[in-house]
Each structure stands twice: as structure tokens, then as C-alpha cells.
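Counting starts at 1 for both ligands and their atoms, in listed order. Index from 1, following the sequence.
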Amino acid sequence: MCGIVGYVGPKPALEVVVEGLARLEYRGYDSAGVAILSDGKLQTEKRAGKLANLRAALEQNPRSADGIGIGHTRWATHGAPTDHNAHPHVDNTNRVAVIHNGIIENFAQLRVELEERGCKFRSETDTEVVAHLLSEELKERGDKDLGAAMRSVCRRLEGAFTLVAICEDIPDLVVAARRNSPLVVGRGKGENFLASDVAAFIAHTRDAVELGQDQVVELRPDSVTITDYDGAPAPVREYYVDWDASAAEKGGYEYFMLKEIVEQPRAVADTLLGRVAVDGTLTLDEMRLAPQELRQISKIVIIACGTSYHAGLIAKYAIEHWCRIPCEVEVASEFRYRDPILDRQTLVIAISQSGESMDTLMATRYAREQQSRVLAICNVNGSTIPRESDGVLYTHAGPEVGVAATKTFLTQLVACYLVGLYLAQVRGLKFGDEINTIIGQLARMPEQVEKVLSTVEPVRELARSLADAKTVLFLGRHVGYPVAMEGALKLKELAYMHAEAFAAGELKHGPIALIEDGLPVVVVVPSREGRSVLHDKIVSNIQEIRARGARTIVIAEEGDESVRPYSDTLIEIPAVPTLLQPIVATVPLQVFACELALAKGNDVDQPRNLAKSVTVE
Ligand code: F6R
């Protein structure tokens, strides 16, 4: 989730662009850069690290501030966060500069083609292919129609992207395109702006135009022309932004957490992007662990903390089922103190959103000392845990600002499923079509999460009605058990109330004594297909607790009439394959905890006593 800014108009472009980037700071930074076209000369400056590094470089090496400009803050996906991977990227003639948000899925193939034609690449990014393609296209066309060149290039790209380009030969024109990635235009008087969100230009104008899917915009000081990829005029949504600057950063939501919950379909889709090769096989580019090594693995140990630990618990079910490799899951802070049995045939999977949790880092180092191979699943490119691991699989959730993990959890689940399927593929345990069927099911998840999000209003009402509850219990079976644990953790950290999760089968061994009149108990019901035994058992558990006075809040798949008679509140989720159910079942629990905390007047972005990244043991 990068930040993008573009400006055409009479103001000093460099200032407007850098100021816009500063307003997008919440989107996260690992590098930043600008390109300014002034007096017919294209100049770029880019630096790894925070915006302050770019500002310092600009001060040391002053650039013309006038003309038109584009700027970018990077959240690395392809290529480490370094100066040369920072955007903008330029073509080999240094005339075309491009910035990009998203992932170009077919970049590897395009890069090979371009290299065969003599292009010299200066970065490891997927973005650079676009600079070269635009340059070639302009040369072939023999005109200065950057808009037409962009339309033609976009037709060749697969994936999700917002692209912005300027060309030295064409003053006064910024061209941008979007597919599955945000882009808004700000209309001013004699000036126009574009950005990944309105926060970047709200100080200048509140008249905005939201681009639709597969559209290209040509921005000049006194005109905004929007077409589809074939050049036909395109319908757009114009609106007036009445948010203040801080609400704008949050996309109009009061809290980042609310925005991040809503971003989950996109985050899941982005994490799945670019994982299937042209021949239909699953490819995990950044994995760095050779198939031969993966074939020799005899045991998997997953280490993680908090929410990431819950993702690991769910991964165990999928990995053991698909790969038949024994899989242990351990809280990272306990791991190295119990003298775990590790060897060269053990694959350790370290799951960490931030890549900086000290407990997980120490456990990673310990595992490597014991000669085990470590694969990191991480959301922050270039952070310490993936740097110190043998391989990595990045989730593409974009920066998560709210302390409570939401979108990163769903994307960790997707990454874990991908690892499980990849292991099954390299070990020859599943046929290609079986793997593709599951990938197809995963590909439908963004839509299913969207569906859940569109039906959560009753969950909010329920949460508000429980603001005075002293305790909430959560029950689940199979993959629903870690989901219940995640629901309880969210409630503890956000609403500061007692919440506890149990495996529903354990109830009768003690916890059932806690049930009293009116006690809210959330039950995650497994799907009826595939694991019908579990389903029937949990229906009995619901009956047991209801008979003892519990207020039952039941999360079950739509159409599951068997639970209705025993549910005080029934929350329906789409029917999906058993192992994938956590992706949809977690969402109402996030909404529940968030809304209950808000009803109590808590700050859900910065819950008390907690930090986003825990860098102490
Ligand atoms: C809970 C939460 C924490 C983190 C935990 C691990 O919402 O966010 O429990 O999951 O601190 O953090 P990472 O994944 O960054 O290692």
C-alpha cells in the first residue's frame, strides 16, 4: 500500500508533492521519491527510509521546484526497501518516470522480453517494466501521446496497480491509470492533483473525482480527461470531500481499525496476486527454499505471538491435512526455553506481521542455531525476521496502523494456506488440479469477506447491547477453536474485558461451571459439509450451555437451520470449505470487539498498554 501524489499547476510542484507525501505518511514508509519536470528537464530524487531522508537529500541537492511533479512513498512488495528500488523508476533514456502502487503479476515475463530487446534494469521492482514499456510504446507511436501509450501498456499488464507517469518531452501532462488499486483526482482552479487518497490534496481542493476500474486519466492544469483502456470516455464519480485532514487519512472512518477491517477483501486479494505461474503451478517467488530442501522436511514448527500465533494454529490444520507432515505450533516466547527438538529436517515457520517481535525474532535465531530452516511469513518487507530467515513469504496487507491486527491476520491465513499447498505441490502429494481447486476457492474469499462486511450491522448492535457485560466466552472446534481464541483476544485488548476461548469439547471438563444466567457465549460453528461430526457435536454444546442460561451468539454458515432454535443471536457467514472458514468467521468477531470497545469509549487504534510492534522480550 504505497502513497502516490501527482500535481500539475502553477504552484511549486516539488513543494506540493512532498507536502502531499507527508499527508500520506500513515500509509507507511520504507522509501520515498519524487520526479519533477521543469523547464523541459526531468529530475528525480529517491531515498530509502522515512520521508525525512528524501527531504534531506532534496535540501543537499536542490531541484527546480516549478513545473509538474509526481511523488511516491513505498511499502515494498517486489525488491527490498533500498534507494535503487525506491520509486520513481525511469526508462533507459531517462525521459519517462513512473511510480506505482500494487503488484504487476506478469512482470517477470515482461522483464525477460524487455531484457531480450536490450533494456537495462536498475532495480528489482516490478514497476520498472512499466517505465521501459511506456518508453518503447512512445517510440513506436512516434508521437507524444503519453495517455495512449499508457492505455496500450495497461492492456498488457496483469495484477493490481495504480500507475502514474510523466515524460520529459511532454510538459504539463501527468498520466495515471488504475486497476484494483485506489486513485483519486482533485480538481482545482488552473491546477489538478491526483493521489492514492484525498488526504494528499485536501489542503488545496475538496472537489474530487474517483476513478473507476481500468481507467486512465490525463491531467493538465485546466483539464482532466478520463477514458477506459480503449480510449472511450469513461463514467466517473465526482464528489465533495467534507472530511478534515485527519479523517481523510482514515478514508472518512473515525479509526484506522474500522478502515482496516473494511480493507480486508483487497488485502486478501493482493496476498493471492502473482502466485500462480503461466503453467498453472503455484510459485512463491520470495520463498528462497529449494523444492529439494522442502522435500526433506520431516516436521514443521510454527512460532508466533498473539494474533499471529492464532494464524499458526489454523495453519496446522491445513498443513497436516494437505501435506501429512507433523506440525507443532508454539508461542514464540516459550519456544527456546523448553529445549525443543530441532534439526536440519525441521522447517520452522515464523509468523510475524511486523517482522520485529522480539520473542519471535529470538525464537527464529534459536531455530537457525539448531540448523533448522526458517521461513518467515511477514507483512513488512525488509524487517528483521525475514532478513534473518532462510526464506520469506510476504503478505500484502499494506501497512496496518491500528494496534489490533485485523487485515494482517486474514492475509497471514492466506499465506499459510499457500505454504501448505506449495509443500503439497513440491512433495507430490496433490495433483495440480486439486491445488488449483483450492486456489480457486481462495480466490473467491475476497468476495465472501465483502459479503460478511455487508451484513455485520446486527453484530454492531449486539456489541453495543453488551457494553456492560463483565465477561464473554468463546467456543469453537477444529479451525473454529483458534478463531474463537482470536475473538477473545480482540475483545480483551480492545474492550479491556475478560474474555476466554475454549475448545467446545473441553466445556464438560470444567469450564461449563462458569455458565450462568445471561452469560454471553459466542460459538463458532464448523461447516456442515466435510466435518459433519464436528458440526453435530457443537450443536449439542450450544444446547448444553443454553439449557444452563447462557445467552448464545452463534456464528454459523448461512442456511444452517439446525442451530437457529438454540441461538439467541444468529450471525450468518457464507458457506465455504471447512479449512478456509476462519477467513470469513473471524470478521464478525473483529467487528464485535471493535464496536463493543467503541461503545465503552475506548480508543481502538491505540488500546491502553499495547504497542503495535513489541520489540522487548
Ligand atoms: C493482537 C496483536 C498482537 C500481535 C502480536 C504479534 O491484535 O496484534 O497480538 O499479533 O504482538 O505481533 P507480530 O505479528 O508483529 O509479530
Asker: When only distance counts, is T360 in polar contact with ligand 1, meaning an N/O pair under 3.5 Å?
Answerer: no
Asker: If the cut-off is 4.0 Å to any non-hydrogen atom of A404, which atoms of ligand 1 fall inside it?
Answerer: 7 (O)
Asker: Do T395 and T271 pair up side chain to side chain, a donor and an acceptor below 3.5 Å, judged on atom types alone?
Answerer: no
Asker: Side chains of E124 and H84: donor-acceptor distance under 3.5 Å anywhere?
Answerer: yes
Asker: Please determine whether the number of non-hydrogen atoms from other residues, nucleotides or ligands lying under 6.0 Å from atom CZ of R464 exceeds 12.
Answerer: yes
Asker: Among protein heavy atoms, which sits nearest to atom 11 (O) of ligand 1, and what does the distance come to when rounded to 0.1 Å?
Answerer: V614 CG2, 4.1 Å
Asker: Say you draw a straight line from CZ of F161 to CG of N101; how long is it, rounded to the nearest 0.5 Å?
Answerer: 11.5 Å
Asker: For atom NZ of K50, is the number of surrounding heavy atoms from other residues, nucleotides or ligands below 6.0 Å larger than 12?
Answerer: no
Asker: Hey, is the main chain of I573 close enough, under 3.5 Å, to the side chain of E558 for a donor-acceptor pair?
Answerer: no
Asker: Against heavy atoms of S354, which atoms of ligand 1 measure under 4.0 Å?
Answerer: 13 (P), 15 (O), 16 (O)
Asker: Against T307, only a single residue in E486, Q353, E493, Q412 fulfils side-chain hydrogen bond (donor to acceptor under 3.5 Å, both in side chains); can you say which?
Answerer: E486
Asker: Which of the atoms in ligand 1, numbered in the order shown and given with their element, are less than 4.0 Å from a heavy-atom of E493?
Answerer: 1 (C), 7 (O)
Asker: Starting from atom 4 (C) of ligand 1, locate the nearest protein heavy atom and write down its residue, its atom name and how far away it is, to 0.1 Å.
Answerer: T307 N, 4.0 Å
Asker: Can K490 be said to touch ligand 1, with heavy atoms closer than 4.0 Å?
Answerer: yes
Asker: At less than 4.0 angstrom from any non-hydrogen atom of Q353, what atoms of ligand 1 do you find?
Answerer: 13 (P), 14 (O), 15 (O), 16 (O)
Asker: Can you spot which of K407, K490, Q264 makes a side-chain hydrogen bond (donor to acceptor under 3.5 Å, both in side chains) with Q590?
Answerer: Q264
Asker: Taking only heavy atoms of V403 into account, list the atoms of ligand 1 that are under 4.0 Å away from them.
Answerer: 8 (O)
Asker: At less than 4.0 angstrom from any non-hydrogen atom of S357, what atoms of ligand 1 do you find?
Answerer: 6 (C), 12 (O), 13 (P), 15 (O), 16 (O)
Asker: Could you check which of S352, A593, A405, C305 puts a non-hydrogen atom nearest to atom 8 (O) of ligand 1?
Answerer: A405
